[in-house]
Structures are given as C-alpha cells and as structure tokens.
Number of protein chains: 2
Amino acid sequence: MAYFKNSVQLRIRPKAEIITIGTELLTGTVLDTNARFLAQALTGEGFEVNRQASCRDDFGAIQKALKQSLEGSDVICISGGLGPTPDDITRDALAQFFSSPLVLSQRQYRMISRYYRVRHRTVPKLVSREAYFPKNARPIFNRFGIALGFTVEFRNKFIVVLPGVPNELTRLFDSEVVPVLRKRFPGICPASVLLVKTVGISEPTIMKKLGSDFFRLGTFQFGIYPEVGEVSLRIYSDSKMVISKLKRRIGRVLRDHIYSFSAEGIAQAIGRELASRKWSVSVAESCTGGSISKDIVSVPGSSRYFLGGIVAYHNSVKEQLLSVPQQLLQSRGAVSRRVAQEMARGVRERFRTNVGLAVTGIAGPSGATKNKPVGLAYIALSTSSGSNRVWKERFRGDRLQIQSRASKRALECLWRWLRRR
Amino acid sequence: MAYFKNSVQLRIRPKAEIITIGTELLTGTVLDTNARFLAQALTGEGFEVNRQASCRDDFGAIQKALKQSLEGSDVICISGGLGPTPDDITRDALAQFFSSPLVLSQRQYRMISRYYRVRHRTVPKLVSREAYFPKNARPIFNRFGIALGFTVEFRNKFIVVLPGVPNELTRLFDSEVVPVLRKRFPGICPASVLLVKTVGISEPTIMKKLGSDFFRLGTFQFGIYPEVGEVSLRIYSDSKMVISKLKRRIGRVLRDHIYSFSAEGIAQAIGRELASRKWSVSVAESCTGGSISKDIVSVPGSSRYFLGGIVAYHNSVKEQLLSVPQQLLQSRGAVSRRVAQEMARGVRERFRTNVGLAVTGIAGPSGATKNKPVGLAYIALSTSSGSNRVWKERFRGDRLQIQSRASKRALECLWRWLRRR
C-alpha cells in the first residue's frame, strides 16, 4: 500500500475503541462507513483510537466485544442494532450487561410521535422500542431520526451508544456527543491537523520531493492517501508551530500540485477561481457522459459560473450541437485531438461562456481500434480570449475507472489553466 | 437501521474472523474496503464470519487481536502491514507470535527482481523484506504485486495472511486462497444466494408485503438494505429449493418494484429494455447536472440507445437549446410542471430520440422561494408516440442527497414507463 506512517508518539491521549454492530457488516453486504467516521471524528477530537471491532446482532457477541474493549480504553463508541425489528438487540444486550433495566424516554417518544404525525401515520408498535434506554445511562435525543442514543459511565469508562443510520450517527456525534466528550475529558486537546489536497503528482514523487529531512522538522504523524486522480496528505501534530512549518515546506515543494489545504474537492477550487474572475464555463462530454458537469454542479452556488453542458455521446450530437465538422469526424475519428478542440470551441460558443472544456475518449470495453486503445482520451480547453489547449491521455482500468479518471483529469486541466491566469 | 435479519441458523459452518491491520484505519483516513471484501468472500464460500477487528501497526496490538480471534474461530484472515516501510510489522509480529523465524522466499524475491527489472529500476533495499515469511507458514506467491502472503496452521486453526493493497488482496484471495480453503475445509458448501433489487418501495412496505408467513417458507438468512432511492434484499440458504420458492414469492408480491435479480444497477435494466425495443433516449438535466447521463453511460454498450444529453443549468440554456418558451420560464418559473414537460419534449426533438427524459428542481441550499421549497423537483418524460408524463417530487437531505435522489428517481420513472410498454 506504500503508506508511510512515522511512528512518532504524540502526547498521551485518552484511548478509544469503536464497536459497530450488525450481521450485515459480517456478511459484507454493507460497507462500514460508520467505523471510519467514528475513527476520524475521535482522532480529530484528540483520542487515540486503538481498535475497531464489528460483531453480529447477537447477545453474546455484543457483550463479549464490549468486555474486550473495556480492558484497554477510556472511551468506547458503539453503533448499530438500535432499530425497531426483533433482531436489533443492542440496547437489550447492553442493559443486561450493565444489569440495568430499560426505561422509556418520554421525550424521545414524543419526538417519535410527532415524526409520524407530520407524515399522517400512526406510530408502529415496534417503533416505540427505540425510545428506551438503560436506566444507568443518559439519553442522547435523536431529532434526526427515531432511535434514541445514550451514554453510560461504567467502571470508570465512558460508553457512547449511537444508532447506525449513517446520517443520524454523524449528525448526533457532531451536535450531541462532542460537547459531552469535551466535558468528560476536559484535558483533551484536539491535535492540529494539516490537510493537503494535490493533483497531477504520484505518491512516490511526493515522497521524493518532500525528502527525508522533512521528517525531522518536528514531531508529527504523517499519512499519504492516493485516490482517483489525486493524492491527499493528512498530518497531525500537537504543535501548531510544527504544523505551520510543515505547511510552508509542503506549500513550497508541491506548489504546482496543491489545490487546497482543506477538505474541499477540486470542483470547489475551480469554482472559487472562476467566481473571483467572474468567468463562466460550459462543458462538452463524450466518454465521461456527464461526470464533469455533475462534479461542477455538486458545488453550492455553481450557478454563478456554470451555464451548462452537452453530453455528446453520439457523433451526430457532436456535429449538430457542437458544430464539429462531419468531415473531421470521418477523417480523424471522434477520439482525436482536432475533434476535442472543436468540441471545446463548439460548447463555448454555443453557451457563450468564457471557457469551454471538452473530453472525448474510449472508455471501453469495446470501441478500441488498432491505433486507438481503450483508455485513450483527449481533453481540450477553449477560451474566448483565444487560448486553446489539448491534452492527450491514456487512462488505465475498467470502464468506470477510465470514466472517473478522465473526468478528474479534465477538472485538473481546467484548474491548472485557471490558476495560471 | 431497521435492518431485518432473522436469526435462523443455517447448517453449522466453520467460523471465520477478519483482522485488518493499519494505523490509517484507526485514524479513519482510509475506508476499510478490505474487511468488507473478505466478509463477503468468506460468507460466499460458506463460512460464518463472526467478528472483524482492526488494529494499529503495533506488535502488541497485532498479537492481542490474533490471540482473541484464535479463541472462537476456525479461520482467521489477516490483511495489511506487509509493506516495505519500517512500520509495516505484521510479518515480524506474527513470526514472534508463532515463535517461528522469518525466512526468505527465493521465488518471491525473483518475482520482485523481475518486477523492478521490467521497470528499469533496481530493487530498493527495504523491499526485499516483503519476500519473507514465518518458517512454519506456506507462502502465497504474489504475482500481482510485491508482498508475499502466507498461510499458517496454528493450534488447529487456519490463518491466512494477505497484503493490504486492495486489488492484490482481492486477486490473491480469489486465485490462491479459495482453492486452499476448499482443500482445508472439504465439507464446506457455499450457500445459495438470492439477490433482489427494487425501486420505488420502502423497507417497511416491503416487510409488510412479504408478510410474516414468508419467514416460515424455509430456513434462510434474510437481509434488507436501503440505499439511495432503492432497496435490495440478499438472502442466503443452504437449499436451492428454498431459494427458488422465495424467489417466486418475492417476484409475485414485489412484482412492480423489482428491476433485477442480479447485481446490476437500474441503468443496466433500462439499457436492456431500450435495446430490446431498439429505442433511443436523450436526457435534459437541470438540478441533477449530468448525474442521469453519467449513470446511463456507465453501462457498457450504452451507445446503442443513448444519444446524449443537455445539462441546462442556466435558464438561457433551457430556452435556446431546449426551446422552452421564455414566457413560460417567467410565468411558471424554471422549477415547474410545464417547464419540465417542455424540457423533455425539447431534448427529445433536438436529439430525435424515441424518449426524452428531463429533471428540473431546487437542490439547495439556496434557491428556494415561498412556494417552492428546497428539494422540490419535477421529472418529465416525453415520447415520440405522444406519451407525456410529469412527476412532482419532494426530496429530503442536503444538496448532494437531493441531486442523487432526484437522479435515481428519474431513472426509476423511465424504467417503470418502459416496462409497461
């Protein structure tokens, strides 16, 4: 995986463990995004997460997992199995473990009743189970859904129990659990985090450019994470000074590749550049079929600079809507430098935008010819100021990978062009 | 989460546990797709996966996790921490645990040398570590990457150790580990699986329609999984007869909602319907910004029925490319029944397709008015045979959720319309 992780220890932090409950996790039917969210959130709050475990919806398994976690940690975050059906047994298993009876939260029950009243439905009988909590616990009221969460002090450990519906879990954690954790662990100090998002550079090249003396700049934990078409860095340190020193160094050696020091995606970075210049963009897509437009439109407020796009999948569309000469399509083929260029110009003129961006390529599995392999793509940019660029690319992978890599690379080209203006 | 899972036990199966190793998993920086793959693969092979745990790259943590897993399982699958950097210590921690020295696999080392020779590079010194395995183990040669895997018989348990690079892990498991497992557990029998994909029906309604006597039709494990705009069922049984009985029953009661009995997405189901009728489609998108086109184009061979689309984000595009009358945009607003209808007709006529599909809506967070809340959307369908339909919808969630729900619902509308022809 070639992740580099230096093993420097930060200051001593409270230890945390995560338990996610659900048979669907152990048949692999569901990807456990909750465990990741909790790991990230607890790390961000300054805890050291030492273990994560998943177990089935089973009394014995849940209790065993909790028993194991009680041994080595200060905080245990549990999620899942708080739903209404008979096999959602987390609250029963925990109540038994704590030797504490389940009691009804009148307040959560009223919230549930309101939820159903608004939807003109009566509260299903099974659902009322979700308003119960062990008597030794403090409820976490759930205004985002039905199931009550709760926290328990047990043998000097702090246990947090949350529903497993991902968007309820994350919102409850941020709004309800964080304040409680900060109160319970007053000495805790969130580590400083430095996030760096880069495009157009590989993981080994980044490591080489940083150089080995980079790791002697201070005490920090370093993570490097390749994703589709980009690589992120995430660095934790107890010292804000170290973080700013690292930021300066990274900013200098990776300058041409950093599009953000925050969690934003490249479409957001592009949006900022366009909006600040009051420029507009339109997009013509063939093999990426709308991916680029979709990414641009995912940004709130994109209507300020995005007018629209044309998905020119069939050649007739390239001809009629983008004014690509038929003769060119025949002589050079749809996947060619000239056609990409004409597509970019065509969409820019048609939409009367400052910039036109176009992609044409072969996503496969079929469609390749002797000289044009699967993965070949051309990305073109045309501007009202007369600037024209075409990039020839060869992407690897299956159809979906080629489509997402081509789309990400097109956004990179646009971003790179914009920041040089 | 309101998953329903009946607790019926299938025939007694060998028990499996999964351990994924890597500090990056416990800071939440990486999503653990390996754990899910192994859970799915082991379940498919007929094992009962009872626990999954993740631990840091730490001698004590790795050994503790293995010790815990040895208690309750027949097979333990371990992945991660076999890389070249000093903190990849899985093989050292395991060798120590087994009291077995590490020895070099000459064969893997030759494979590594060849890998670097082809790339005109010399083998980095650290990398040779990856060809070592504990003496009591049997190597799993890795022709997809660098790091050697291995299997160990230890205290009558079977331990499988694989590199954590996802595409090496999955390929090694399928090609090398599966045969070894089948030999080691000769009585094992992969369960039969029934997959059902539905749209336009909620989880509680499915449960109600199936009825409680459904669960008396035989011995099986039942999972129900809501995703964006759709719900899947996954059922395991030891008996093929039970599976076909369940399939018939489900097919009858959920008939209007099932788009597939396989892993395919709804865009594939739509593609089948269109291709078999030799019909073509084009798409006009406003708030979904290209998502629908993107989904359609994700299907190999979609060029047979998909001509293209227009992302009409700005009103001027709706007017000029889709011929929506300006007066209509002003009097009714862009998010209205009539405009959706005109967009569908406009794109169908412009692309000369049999069917035109359109979406217009407010994805938020801004853009709402007194009478038009965030999440309001209209989906329209127009056909060359004169059929016109509009659906008014109100989606919940944040911008991305509204966009993906609207896009999924539009595909559902198209699919539903197609299968009634």
Side-chain angles (χ1 to χ4, degrees), chain A residues 1-5 7 22-33 35-37 39-40 43 49-57 61 68 80 83-85 87 164-165 223 225 234 289-291 293-294 296-298 300 303 306-314 317 351 365 399-400 403, chain B residues 1-7 23-33 35-37 39-40 43 49-57 61 68 83 85 87 164-165 223 225 234 289-291 293-294 296-298 300 303 306-314 316-317 351 365-366 399-400 403:
Chain A
M1 185 90 78
Y3 290 126
F4 190 98
K5 312 143 235 171
S7 51
T23 302
E24 70 276 14
L25 301 170
L26 293 161
T27 53
T29 319
V30 165
L31 184 61
D32 194 356
T33 53
R36 184 206 196 173
F37 169 81
Q40 227 165 19
T43 303
V49 182
N50 278 316
R51 203 179 74 120
Q52 175 273 321
S54 301
C55 67
R56 292 184 168 243
D57 298 287
Q68 287 176 346
T85 52
D87 53 329
V165 184
Y225 308 101
R234 188 181 286 253
S291 297
S293 297
K294 184 198 166 193
I296 293 178
V297 169
S298 72
S303 56
F306 181 65
L307 265 72
I310 288 177
V311 180
Y313 206 57
H314 197 275
V317 182
F351 286 80
R399 182 174 179 86
L400 290 182
Q403 288 174 330
Chain B
M1 184 85 85
Y3 291 126
F4 189 98
K5 312 137 228 170
N6 64 344
S7 50
T23 302
E24 69 277 14
L25 300 170
L26 293 162
T27 54
T29 319
V30 164
L31 184 60
D32 193 356
T33 53
R36 186 209 195 168
F37 168 82
Q40 226 164 21
T43 302
V49 182
N50 277 315
R51 203 179 73 120
Q52 175 271 322
S54 301
C55 67
R56 292 184 168 243
D57 299 289
Q68 286 176 347
T85 52
D87 53 326
V165 184
Y225 307 101
R234 187 182 285 254
S291 298
S293 297
K294 184 198 166 192
I296 293 177
V297 169
S298 71
S303 56
F306 180 67
L307 265 72
I310 289 176
V311 180
Y313 206 56
H314 197 273
S316 63
V317 181
F351 286 81
S366 62
R399 183 174 177 88
L400 290 181
Q403 289 174 330

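Chain A is the first sequence line, chain B the second, and so forth, proteins listed ahead of strands; every chain is numbered from 1.
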Minimum-distance pair of heavy atoms, taken over all atoms of [X] and [Y]:
X: B/Pro300; Y: A/Pro365; result: CB-CD, 3.7 Å
X: A/Val311; Y: B/Phe351; result: O-CE2, 4.3 Å
X: A/Asn50; Y: B/Leu26; result: O-CD1, 3.5 Å
X: A/Leu31; Y: B/Asp32; result: CD1-O, 4.0 Å
X: B/Leu307; Y: A/Val317; result: O-CG2, 3.4 Å

After noting the C-alpha distance and the side-chain angles of A/Val297 and B/Arg399, does the key distance pass the side-chain contact (heavy atoms from CB on, under 4.5 Å) rule?
CA-CA 10 Å; A/Val297 169; B/Arg399 183 174 177 88; 3.9 Å; yes

Would you check if the side chain of [X] reaches a backbone N or O of [Y] as a donor-acceptor pair within less than 3.5 Å?
X: B/Gln68; Y: A/Gln68; value: no
X: B/Gln52; Y: A/Leu25; value: no
X: B/Arg36; Y: A/Gly28; value: yes

Could you tell me which residues satisfy side-chain contact (heavy atoms from CB on, under 4.5 Å) with B/Thr43, sequence neighbours excluded, listed by chain and number?
A/Thr27, B/Val49, B/Tyr236

Please rank B/Ser54, B/Ser293, B/Gly290 by heavy-atom pairs under 4.5 Å with chain A and give me the top one.
B/Ser54

Let's test your reading of the structure: which of B/Ser316, B/Cys55, B/Ser303 forms the most heavy-atom pairs below 4.5 Å with chain A?
B/Ser303

Test of understanding: with side chain to side chain donor-acceptor pair (under 3.5 Å), list the residues that count as partners of A/Thr33, not counting sequence neighbours.
none

Please identify, among A/Ser298, A/Ala61, A/Ala35, the residue contributing the most non-hydrogen atom pairs under 4.5 Å to chain B.
A/Ser298

Is there a side-chain contact (heavy atoms from CB on, under 4.5 Å) between B/Ile296 and A/Tyr313? Walk through the geometry before answering.
CA-CA 11 Å; B/Ile296 293 177; A/Tyr313 206 57; over 6 Å; no

